[in-house]
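A note on names: the letters A, B, ... follow the listed sequences, proteins ahead of strands, and every chain is numbered from 1. What you see is a predicted model; the values in this text were computed from it and never measured. For the numbers below, each heavy atom of this structure counts, side chains included, while hydrogens, waters and symmetry mates do not.
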2 protein chains.
Amino acid sequence: MAELSDDPLRLDNQVCFPLYAATNLLQRLYRPLLTPLGLTYSQYLVMLILWERAPVTVGEIGSCLHLDNGTLTPLLKRMERGGFITRSRDPHDERRVLIAPTPHGQGLREQALKIPDELARDIALAPEETETLRNSVVLLVHLLADDIARKKEAKDSAAVQ
Amino acid sequence: MAELSDDPLRLDNQVCFPLYAATNLLQRLYRPLLTPLGLTYSQYLVMLILWERAPVTVGEIGSCLHLDNGTLTPLLKRMERGGFITRSRDPHDERRVLIAPTPHGQGLREQALKIPDELARDIALAPEETETLRNSVVLLVHLLADDIARKKEAKDSAAVQ
DNA sequence: CCTATTTATATTTCTAGCCATATTATGGCT
DNA sequence: AGCCATAATATGGCTAGAAATATAAATAGG
């Protein structure tokens, strides 16, 4: 019995699997709240950034959300087609693409304001426990992001030699 | 200042976003450990189940991992093509498809055993903090899964009327 | 028995996410 | 000006994930 429950490969003993499952389930909960606005969850995250400040570059969005360019380019194009954002080259540096909300995109902020409340009702974790959870996951994200950045750097300098 | 930091739409104040980011980053960390085995992260999760017990049905895998059939069917077909698993109809109930590891898939367990250690080194959370994190995310998963099941049931009974 | 319902899986059509590679732009150097 | 290293974004090819719908097998009611 101790044998089974100490098995590091046992699904119940993993940390990463619950994170993975929670993320999938959360996106399923967000969907019915976001589709009336015409947004997916990742698109909603982009709007959260743009509601804080705009314009931002594709690269800035990527480092905020920890997403790759190959993910963002098509996602932002869909958002442009949907009329949520504009994409325009920075005249001062034409390598950069500036992303800004359209008036319609900006206007959605009002409707988005009620989403956190609706979710809080569903999640039904004690506020204190939510805080604890948030803090440890935020810490984990920092550790992971640093670790991945370190590995990327190691790889890049190896590629130069 | 208090205005800004109380904004529920601020990225820094969200619980779901760090979970989302952590999950993406974790999959990036897993990738270099799993590609030598020929597995993706979700495929690895399937193997974790099969290493505990086999055969299992597609539906059982789905409820363990909280994944949809539309996700699992192609995933399992890729795993079959890759020689990791077999898919066969249950002779007693031909609606069901039984999934079992091939000898090759079974053999990978040995190599997989070192993966949790390598990851623990990368994550570098204190063991106690890891435990706290795991417990709160597991709790969250239960709450979310129950909530979604409740909503699905409500929708299905509405469809009947 | 036979039809109606339920159950299990598959299919279709989207959107996302990653890696590796390519394209274009900038800046510094000579 | 011309060249080289670097930087920012785009592309292609793959795997995943979800909702809605379809197919086929099993079961229940009459």
Side-chain angles (χ1 to χ4, degrees), chain A residues 20-21 23-32 34-35 38-46 56-63 65-82 87-99 148 151-152 155-157 159-160, chain B residues 20-21 23-32 34-35 38-46 56-63 65-82 87-99 148 151-152 155-157 159-160:
Chain A
Y20 164 88
T23 299
N24 285 338
L25 292 169
L26 274 171
Q27 294 209 35
R28 253 178 269 176
L29 269 188
Y30 264 104
R31 190 180 306 264
L34 289 174
T35 47
L39 295 170
T40 65
Y41 183 64
S42 347
Q43 294 175 3
Y44 169 69
L45 292 177
V46 171
V56 292
T57 67
V58 174
E60 285 172 319
I61 296 178
S63 53
L65 302 184
H66 304 285
L67 289 177
D68 178 282
N69 268 327
T71 302
L72 282 174
T73 298
L75 185 141
L76 294 171
K77 283 187 175 174
R78 280 188 292 271
M79 293 181 75
E80 184 184 37
R81 267 197 327 226
R87 296 164 66 244
S88 55
R89 291 278 168 183
D90 181 345
H92 301 306
D93 183 346
E94 296 217 349
R95 292 170 304 181
R96 314 216 277 173
V97 169
L98 297 177
I99 307 294
I148 285 176
K151 285 186 175 153
K152 185 188 174 59
K155 206 192 68 176
D156 287 353
S157 66
V160 167
Chain B
Y20 164 87
T23 299
N24 284 338
L25 292 168
L26 275 170
Q27 295 208 35
R28 255 180 267 177
L29 269 187
Y30 264 104
R31 189 179 309 262
L34 289 175
T35 47
L39 294 171
T40 65
Y41 183 63
S42 348
Q43 292 175 4
Y44 169 69
L45 292 178
V46 171
V56 292
T57 67
V58 175
E60 284 171 319
I61 296 178
S63 53
L65 302 185
H66 304 283
L67 288 176
D68 176 283
N69 267 328
T71 301
L72 282 174
T73 299
L75 186 142
L76 294 170
K77 284 189 174 174
R78 280 189 292 271
M79 293 182 74
E80 183 184 38
R81 267 196 329 223
R87 296 165 65 246
S88 54
R89 291 278 167 185
D90 181 345
H92 301 306
D93 182 346
E94 296 217 349
R95 293 171 304 179
R96 313 215 281 172
V97 170
L98 297 177
I99 307 293
I148 286 175
K151 285 186 175 154
K152 186 188 174 59
K155 205 192 67 175
D156 287 354
S157 67
V160 167

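- A pairwise comparison of heavy atoms in B/Leu34 and B/Tyr44 identifies CD2-CD1, 3.6 Å as the closest pair.
- When heavy atoms are screened at a 4.0 angstrom cut-off, A/Leu72 is found touching no nucleic acid atom at all.
- In the set C/dG17, D/dA26, D/dA18, D/dA26 carries the atom at the smallest distance from any side-chain atom of B/Arg95.
- In plain terms, the two heavy atoms of A/Gly38 and A/Gln43 that are nearest each other are O-OE1, 3.8 Å.
- If you measure from atom CG of B/Leu98 to atom C1' of C/dA8, you get 12 Å, rounded to the nearest angstrom.
- Considering CD1 of B/Ile99 and CG of B/Leu76, their distance stands at 4.5 Å, rounded to 0.5 Å.
- Along DNA chain C, the nucleotide nearest B/Leu76 and the nucleotide nearest A/Gln27 are compared for position; the residue whose nucleotide lies closer to the 5' end is B/Leu76.
- In this structure, of D/dA10, D/dA18, C/dC18, it is D/dA10 that holds the atom nearest to the side chain of A/Arg89.
- Where A/His92 and A/Asn69 meet DNA chain C, the nucleotide closest to each residue was compared, and A/Asn69 sits on the side nearer the 5' end.
- Residue B/Leu75 contributes atom CG, which lies 15 Å from atom P of C/dT9 at whole-angstrom precision.
- A sub-4.0 Å separation between OP1 or OP2 of D/dT15 and a side-chain N or O of B/Arg31 is absent.
- Counting only heavy atoms from C-beta on, B/Tyr20 has its side chain closest to C/dG17 among C/dT26, C/dT9, C/dG17.
- Rounded to an integer number of Å, the gap from CG of A/Leu45 to P of C/dT15 is 17 Å.
- Closest heavy-atom contact between A/Ile148 and B/Leu25: CD1-O, 3.5 Å.
- Distance from the side chain of A/Val58 is smallest to D/dT9 among C/dC18, D/dT9, C/dT9.
- Between the CG atom of A/Leu25 and the P atom of D/dA19 there is a distance of 10 Å, given to the nearest Å.
- For D/dT11, the OP1/OP2 oxygens have a side-chain nitrogen or oxygen of A/Lys77 closer than 4.0 Å.
- Using a 4.0 Å cut-off, no side-chain N or O of B/Tyr41 falls inside it from OP1 or OP2 of D/dT15.
- At the phosphate of D/dG17, OP1 or OP2 sits under 4.0 Å from a side-chain N or O atom of B/Ser42.
- Contact annotation: B/Thr71 side-chain N/O to D/dG17 OP1/OP2 distance is not under 4.0 Å.
- Rounded to an integer number of Å, the gap from NZ of A/Lys152 to P of C/dC18 is 12 Å.
- Side-chain nitrogen and oxygen atoms of A/Arg87 include at least one within less than 4.0 Å of the OP1 or OP2 phosphate oxygen of D/dA10.
- Remark: P of C/dG17 and CG of B/Leu29 are 17 Å apart, rounded to the nearest angstrom.
- Side-chain atoms of B/Asp68 lie closest to D/dA18 of the nucleotides D/dA8, C/dT15, D/dA18.
- Formation of a donor-acceptor pair under 3.5 Å by the B/Arg89 side chain with backbone atoms of B/Arg95 is found in this model.
- The base-pairing partner of C/dT30, taking Watson-Crick or G-U wobble contacts with both distances under 3.5 Å, is D/dA1.
- Atom CZ of A/Arg31 is separated from atom CZ of A/Arg28 by 9.0 Å, given to the nearest 0.5 angstrom.
- One can place CZ of A/Arg28 at 6 Å from P of D/dA19, the figure rounded to the nearest angstrom.
- Across all strands, A/Gly59 comes closer than 4.0 Å only to sugar-phosphate atoms, never to a base (heavy-atom distances).
- Nearest-nucleotide positions on DNA chain D place B/Gly70 closer to the 5' end than the other of B/Asp90 and B/Gly70.
- Comparing D/dT9, C/dA10, C/dA8 by their closest approach to the side chain of B/Arg96 singles out C/dA8.
- Straight-line distance from the CG atom of A/Leu39 to the P atom of C/dC14: 19 Å, rounded to whole Å.
- Taking the six-membered ring where tryptophan is involved, the planes of B/Tyr41 and B/Tyr30 are tilted, since the angle between them lies from 30° to 60°.
- Taking every side-chain heavy atom of A/Asp93 into account, C/dA25 is the closest of C/dA25, D/dT15, C/dA10.
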